[in-house]
Colleague: 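Below is a structure I'd like to ask you about.
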Amino acid sequence: MPLKDSYLLPAAADMHVHLRNAPGPIAQLVTPTIRQAGVDVVFVMPNLAPRPVVSVDEALEYKRHLQAIDPELTYLMSLYLHSSITPEEIRKAKKAGIAGVKAYPKGATTNSEWGVVSFEPFYEVLKTMEEEGIVLNLHGEAPCNAATDVTVMNAEIKFLPTLTDLVQRFPKLKIVLEHCTTADGVKTVRSFGENVVGTITAHHLSLLVDDWSANVNNYCKPSAKTPQDRRALLDAVVNSNGKFFLGTDSAPHDITAKKGKGNTAAGVFTQPYALGYVLTALEEGIARSDIGPNAVTDAALRGFLSEHGRAFYGVAPATRNVLLTRDGQTVAESFQGEGAEVVPFRAGERTWSVEWQ
């Protein structure tokens with residue numbers, strides 16, 4: 001059967017968002033759209049430019065700026081895994097309520113030039129994270145390199161041995177394989193214990209590599225993949241069993257960075273309509289027989305969109321609900337603010353409306 005015409009669900013938790021520098025024009029523009037989507041908790045990425053967030057003091061200052069924009073949200077802050085981070089800084093992070101440390105392989109994605117070449121120099125930091133219960137968030141791609149036969153299509157698969165090695169070395173470390181895009185990635189996450197989980201974006205539930213390469217506003221890292229991979233992601237949503245939850249990787253870029261001269265910036269802006277995009281992708285999946293007609297249950301939606309992410313990060317259950325109604329609104333052609341314009345995913349299409357209860 002198709003999806004119902006409406007769902008009453010607990011407020012969602014989006015465990016992977018990019019809000020850009022705050023204060024700044026893009027952060028000022030996109031942060032107020034978080035609750036528009038039915039989300040009240042966000043895990044904030046640290047890959048700012050010209051300098052990433054590498055200290056507790058920087059993370060707390062960033063949080064204060066975001067709270068000034070929308071104080072009603074819960075912001076889970078993170079550090080960027082960098083050579084300057086010490087075990088002492090990790091212990092300080094635990095006391096300050098920092099939720100995770102994000103590892104970017106050097107050169108793999110936006111603002112990853114300060115990233116990891118090898119994890120070996122960070123073993124003491126990772127051991128301390130394991131002891132303190134700080135999450136390791138992995139951008140799970142090997143950098144593209146013709147010499148090592150790594151392309152956008154196999155970059156996640158090539159990274160999976162590194163994930164396996166980290167799990168074996170630090171068996172109690174809480175690890176998130178961010179923005180899973182492949183059937184192999186889903187299978188690998190499922191093979192480990194409950195301390196290893198994965199996030200899935202809204203846009204990867206819809207896009208294939210052809211869609212990804214045909215529209216600059218669909219271009220992102222990691223890339224969309226094959227029909228088989230998309231089926232695995234959809235199945236992971238409806239059969240999560242606590243192993244997968246929402247992390248949109250909503251990544252706003254000014255329109256000049258998407259359509260201007262030079263290389264196109266990698267990132268899909270899904271924040272204002274994230275839950276609607278997920279429901280649309282699930283319905284499209286049913287129509288294609290990628291998932292069964294009875295796969296989308298209220299329990300599956302509650303788990304993936306709200307409960308599993310909160311439980312993994314130790315965040316209290318939602319205290320408010322949101323009502324999602326089919327075809328209740330149209331995706332804006334763009335969002336405009338002072339000094340910034342951002343085009344959302346599936347601009348101009350009908351999607352589910354969100355009403356706070």
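All residue numbers in this chain count up from 1 along the given sequence. Only a predicted model underlies this, so the values are computations on that prediction, with no experimental measurement involved.
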Colleague: For residues Glu124 and Phe122, determine if any side-chain heavy atom of one lies less than 4.5 Å from a side-chain heavy atom of the other.
Modeller: no
Colleague: Of His203, His179, His204, which meets ring pair (Phe, Tyr, Trp, His ring centres under 6.0 Å) against His16?
Modeller: His179
Colleague: Side chain to side chain donor-acceptor pair (under 3.5 Å) for Glu156 and Thr182? Distances and angles first, verdict last.
Modeller: CA-CA 7 Å; Glu156 181 172 289; Thr182 64; 2.5 Å; yes
Colleague: Name the orientation class of the two ring planes belonging to Tyr273 and Phe335 (parallel below 30°, tilted from 30 to 60°, perpendicular beyond 60°).
Modeller: tilted
Colleague: Side-chain contact test, heavy atoms from C-beta onward, threshold under 4.5 Å: evaluate it for Val41 versus Leu76 and give yes or no.
Modeller: yes
Colleague: Should Arg35 and Asp70 count as side-chain neighbours, where that means a heavy-atom distance under 4.5 Å?
Modeller: yes
Colleague: Does atom CD of Glu88 have more than 12 heavy-atom neighbours, drawn from other residues, nucleotides or ligands, at distances under 6.0 Å?
Modeller: yes
Colleague: Between CD1 of Ile90 and CG of Leu79, what distance do you get to the nearest 0.5 Å?
Modeller: 6.0 Å
Colleague: Are the side chains of Ile98 and Leu60 in touch, meaning some heavy atoms are under 4.5 Å apart?
Modeller: yes
Colleague: Does Glu349, at its CD atom, have more than 12 non-hydrogen atoms belonging to other residues, nucleotides or ligands within less than 6.0 Å?
Modeller: yes
Colleague: In terms of side-chain geometry, is the basic nitrogen of Glu283 or Arg326 positioned less than 4.0 Å from the acidic oxygen of its partner?
Modeller: yes
Colleague: Between Lys172 and Glu131, is there a salt bridge with N-O shorter than 4.0 Å?
Modeller: no
Colleague: Would you indicate whether Gln336, at its atom CD, is surrounded by more than 12 heavy atoms from other residues, nucleotides or ligands within a distance under 6.0 Å?
Modeller: yes
Colleague: For Arg20 and His253: C-alpha separation, side-chain torsions, deciding distance, then whether side chain to side chain donor-acceptor pair (under 3.5 Å) applies.
Modeller: CA-CA 9 Å; Arg20 307 308 183 198; His253 290 283; 3.1 Å; yes
Colleague: Does Glu113 come within less than 4.0 Å of Lys106, counting only side-chain N to carboxylate O?
Modeller: no
Colleague: What I want to check is whether the side chains of Ser334 and Glu341 have a donor and an acceptor closer together than 3.5 Å.
Modeller: yes
Colleague: Do Ser191 side-chain atoms and Thr188 backbone N/O form a donor-acceptor pair below 3.5 Å?
Modeller: yes
Colleague: Do Asp149 and Lys158 meet the salt-bridge criterion of a basic N to acidic O distance under 4.0 Å?
Modeller: no
Colleague: Within the structure provided, determine whether Leu246 and Thr199 are in side-chain contact (heavy-atom separation under 4.5 Å).
Modeller: no
Colleague: Let me see the working for Leu279 and Thr351 under side chain to side chain contact (heavy atoms under 4.5 Å, CB included), right down to the final yes or no.
Modeller: CA-CA 9 Å; Leu279 291 178; Thr351 191; over 6 Å; no
Colleague: Does the pair Glu89/Lys95 count as a salt bridge with the N-to-O cut at 4.0 Å?
Modeller: no
Colleague: For a side chain to side chain donor-acceptor pair (under 3.5 Å) check, start with the C-alpha distance between Ser206 and Arg346, then their side-chain angles and the critical distance, and finish with the verdict.
Modeller: CA-CA 10 Å; Ser206 294; Arg346 303 184 90 152; 3.3 Å; yes
Colleague: Determine, stepwise, if the pair Val167 / Ile175 fulfils side chain to side chain contact (heavy atoms under 4.5 Å, CB included).
Modeller: CA-CA 8 Å; Val167 173; Ile175 297 176; 4.0 Å; yes
Colleague: According to the interplanar angle, ranging from 0 to 90°, do the rings of Tyr313 and Phe43 count as parallel (below 30°), tilted (30 to 60°) or perpendicular (above 60°)?
Modeller: tilted
Colleague: May I ask you to establish whether Lys127 and Phe170 are in a cation-pi arrangement, using a distance under 6.0 Å from NZ or CZ to the six-membered ring centre and at most 45° from the ring axis?
Modeller: no
Colleague: Tell me whether Phe345 is reachable from Met45 by hopping between hydrophobic residues (I, L, V, M, F, W, Y) whose side-chain heavy atoms are closer than 4.5 Å.
Modeller: no
Colleague: With a 4.5 Å limit on heavy-atom distance, are the side chains of Lys258 and Val343 in contact?
Modeller: no
Colleague: Check this for me: does any side-chain nitrogen of one of Arg320 and Asp40 sit under 4.0 Å from a carboxylate oxygen of the other?
Modeller: no
Colleague: Would Thr248 and Asp14 satisfy side chain to side chain donor-acceptor pair (under 3.5 Å), going step by step from the backbone distance to the final call?
Modeller: CA-CA 6 Å; Thr248 63; Asp14 185 349; 2.6 Å; yes
Colleague: Do Glu58 and Val54 come within less than 4.5 Å of each other through their side chains, counting heavy atoms only?
Modeller: yes
Colleague: Is Glu120 atom CD crowded by more than 12 heavy atoms from other residues, nucleotides or ligands, each under 6.0 Å away?
Modeller: no
Colleague: Working note: Leu282 + Phe304, criterion side chain to side chain contact (heavy atoms under 4.5 Å, CB included); need CA distance, chi angles, decisive distance, verdict.
Modeller: CA-CA 12 Å; Leu282 291 170; Phe304 178 77; over 6 Å; no
Colleague: Ignoring hydrogens and geometry beyond distance, is a side-chain donor-acceptor pair present between Ser306 and Arg310 at under 3.5 Å?
Modeller: yes
Colleague: Check this for me, if you would: do Asp165 and Arg169 make a salt bridge, where the nitrogen-to-carboxylate-oxygen distance has to be below 4.0 angstrom?
Modeller: yes
Colleague: Distance check, rounded to the nearest 0.5 Å: Asp235 atom CG versus Ile291 atom CD1?
Modeller: 8.0 Å
